[in-house]
Amino acid sequence: MLEGKINQLKKTTLSQDIVQQLMDLITNGTISPGEKLPSEKELMELFGVGRSTLREATRALAALELIEVRVPEGTFVTESFGGFFTKHLALMSKISFDNIHELIEARIKYETDLAEMAAEKSTPSDHQRLDNILLSMREAADNEQFLKADLEFHTAIAEIARNSFMLQVMNILRDITKEWMFKVIESSSIQERAFNHHMKIAKAIKEKNINEAGNAMLEHLTIVSDLLLKYHNKKQ
């Protein structure tokens, strides 16, 4: 099946090269989703490597959610690559991200769309969930508790929007900015303003007012982003 499509390796980066070759074969469709990989012995012969090197590579691919090992059936390509692409995006964001302006732009665009989708799709139980989070924000004893509730509010809106891919991207953007946001809350008198912003967003979602939900989220993130940029520039 894979004869002529795998190159035998130099001994410097054996497991990494196996990972890269199999990733390429999987993502370009040579090996299909759900397809069983050759046996361990066959892969060792194809790559020209030992068992420990091959197992190191397969552990890495399993961690990336590109393959899954089923005992005793064998090793299979995952049916969906959603987990892999999410992990890859998260990793690349953390490794190569160096433009705070682009991050802010992405968050504003994504969360404005998510707020509008949440307003369209929300249910009474979703509305109660938002109210409970707002109560936690109001009763937060310190900055850490307030930020936790703040992040929970934004995550809830992404979940209420009911788009699993957008939720995963939103989680990545949130994780990257979380530490920055704590610094902003810590250094600015923003809690009362932020709470009022969240109240306005929740009200629009509960009233299923799509335009107002998007506008309220845009207003909130624009103000918070300005503070974030000021803090970032101050630290440069």
Side-chain angles (χ1 to χ4, degrees), residues 1-107 110 114 144 147-148 151-152 154-155 158-159 162-183:
M1 178 181 70
L2 299 180
E3 285 81 359
K5 295 176 179 171
I6 287 178
N7 302 317
Q8 292 204 358
L9 309 172
K10 298 177 181 179
K11 294 188 176 181
T12 48
T13 57
L14 296 179
S15 62
Q16 293 96 322
D17 283 346
I18 293 172
V19 169
Q20 189 60 58
Q21 285 199 57
L22 286 177
M23 280 177 58
D24 290 343
L25 291 167
I26 291 168
T27 56
N28 70 20
T30 300
I31 309 175
S32 304
E35 186 175 338
K36 184 178 179 180
L37 293 180
S39 69
E40 185 175 73
K41 182 178 179 181
E42 289 174 299
L43 286 173
M44 287 164 56
E45 291 174 355
L46 286 167
F47 284 113
V49 298
R51 181 174 282 106
S52 62
T53 300
L54 180 65
R55 288 184 176 177
E56 183 180 347
T58 54
R59 282 195 297 269
L61 289 166
L64 287 170
E65 298 183 25
L66 263 183
I67 64 171
E68 56 181 328
V69 180
R70 304 176 200 162
V71 179
E73 294 97 331
T75 302
F76 295 80
V77 178
T78 52
E79 295 286 352
S80 168
F81 298 155
F84 164 70
F85 287 119
T86 298
K87 287 177 181 290
H88 183 68
L89 177 57
L91 179 62
M92 295 314 297
S93 297
K94 289 173 181 176
I95 290 174
S96 63
F97 178 77
D98 61 359
N99 191 329
I100 191 74
H101 297 275
E102 290 183 6
L103 173 59
I104 288 171
E105 183 179 59
R107 269 204 77 171
Y110 253 90
L114 286 168
E144 188 172 351
L147 178 62
K148 181 180 178 182
L151 294 171
E152 186 180 355
H154 288 269
T155 300
E159 291 174 347
R162 293 177 171 84
N163 183 297
S164 58
F165 180 78
M166 291 182 73
L167 172 62
Q168 293 299 325
V169 175
M170 168 60 197
N171 286 338
I172 293 166
L173 296 173
R174 181 204 61 201
D175 288 345
I176 298 169
T177 57
K178 182 165 59 176
E179 197 63 34
W180 286 103
M181 291 312 304
F182 183 77
K183 297 297 184 184

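We use all heavy atoms of the structure for the numbers below, so side chains are in, but hydrogens, waters and symmetry mates are not.
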Next item on the list: Would you give the length of the straight line joining atom OG of Ser15 to atom CZ of Arg59, rounded to the nearest 0.5 angstrom?
Entry: 9.0 Å
Check: Got a second to check how far Glu159's CD is from Leu167's CG, nearest 0.5 Å?
Finding: 5.5 Å
Checklist line | side chain to side chain contact (heavy atoms under 4.5 Å, CB included) partners of Met44, counting only residues at least two apart | finding: Glu40, Arg51, Leu54
Check: Are side-chain N/O atoms of Gln21 and Asp17 paired as donor and acceptor at under 3.5 Å?
Finding: no
Notebook entry, point to check: With Arg162, which residues qualify under salt bridge (charged side-chain N to carboxylate O under 4.0 Å, His left out), at least two apart?
Noted result: Asp126
Check: Looking at side-chain heavy atoms only, is the closest gap between Phe76 and Ile67 below 4.5 Å?
Finding: no
Next item on the list: Tell me, please, which residues at least two apart from Glu152 pass side chain to side chain contact (heavy atoms under 4.5 Å, CB included).
Entry: Ile133
Notebook entry, point to check: Any side-chain heavy-atom pair from Ser39 and Glu42 closer than 4.5 angstrom?
Noted result: yes
Check: Is Glu105 paired with Arg107 through a side-chain N to carboxylate O contact shorter than 4.0 Å?
Finding: no
Check: In this structure, are over 12 heavy atoms from other groups packed under 6.0 Å from Glu144 atom CD?
Finding: no
Check: Just wondering, do Met166 and Met170 contact through their side chains at under 4.5 Å, heavy atoms?
Finding: no
Notebook entry, point to check: In Å and rounded to the nearest 0.5 Å, what is the CD to OG1 distance from Glu35 to Thr30?
Noted result: 9.5 Å
Item checked: Result of checking Leu25, Leu66, Leu22, Leu37 against Val77 for side-chain contact (heavy atoms from CB on, under 4.5 Å) -> Leu37
Check: Shortest non-hydrogen contact from Leu114 to Ala158?
Finding: CD1-CB, 3.9 Å
Notebook entry, point to check: With side chains defined as the heavy atoms from C-beta onward, is the minimum distance between Met23 and Leu61 less than 4.5 Å?
Noted result: yes
Checklist line | Ile18 to Ala57 - nearest heavy-atom pair and separation | finding: CG2-CB, 3.5 Å
